[in-house]
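In this chain, residues are counted from 1 in sequence order. If you're wondering where the values come from, they're calculated on a predicted model, not measured in any experiment.
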Amino acid sequence: MTMRAEILAGVGRRRRWTDEQKLQILAEVGIDGASMADGARRHDVARQHLFQWCI
């Protein structure tokens, strides 16, 4: 059995979201049946972030 590993190189950075951006993304949830997962995918955000933003 051969295992293959992929090494990702480059500079990773944390994205910063303003309160207005967070509210705009969260406002899209529920429109036309959109779920949290749909909103997260659309904006390339982890679902966990959306749930944390709701608190």
Side-chain angles (χ1 to χ4, degrees):
M1 179 195 308
T2 304
M3 297 189 76
R4 183 178 145 189
E6 183 177 348
I7 299 173
L8 302 174
V11 177
R13 64 181 178 88
R14 293 178 185 229
R15 291 185 287 178
R16 303 282 182 202
W17 301 93
T18 64
D19 289 339
E20 290 80 19
Q21 290 171 320
K22 292 176 185 179
L23 289 172
Q24 182 180 4
I25 293 169
L26 289 172
E28 293 178 10
V29 174
I31 297 176
D32 295 330
S35 66
M36 288 284 229
D38 294 331
R41 273 192 296 272
R42 187 176 303 114
H43 294 282
D44 194 29
V45 180
R47 286 180 310 192
Q48 293 85 347
H49 283 125
L50 296 186
F51 285 107
Q52 286 176 336
W53 294 347
C54 287
I55 298 175

Interatomic spacing from CG in Leu26 to CD in Gln24 - rounded to 0.5 Å
10.5 Å
Decide whether Met36 and Leu23 are clustered together by the hydrophobic rule: side chain heavy atoms of Ile, Leu, Val, Met, Phe, Trp, Tyr closer than 4.5 Å, transitively.
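No, no single cluster joins them.
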Could you name each residue pair satisfying ring pair (Phe, Tyr, Trp, His ring centres under 6.0 Å) that touches residues 19-46, not counting sequence neighbours?
none
Partners of Arg16 by side-chain contact (heavy atoms from CB on, under 4.5 Å), sequence neighbours excluded?
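Applying side-chain contact (heavy atoms from CB on, under 4.5 Å) to Arg16 gives none.
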Which atom pairs, one a donor and one an acceptor, fall under 3.5 Å between side chains of residues 45-55 and the rest of the protein, sequence neighbours left out?
none

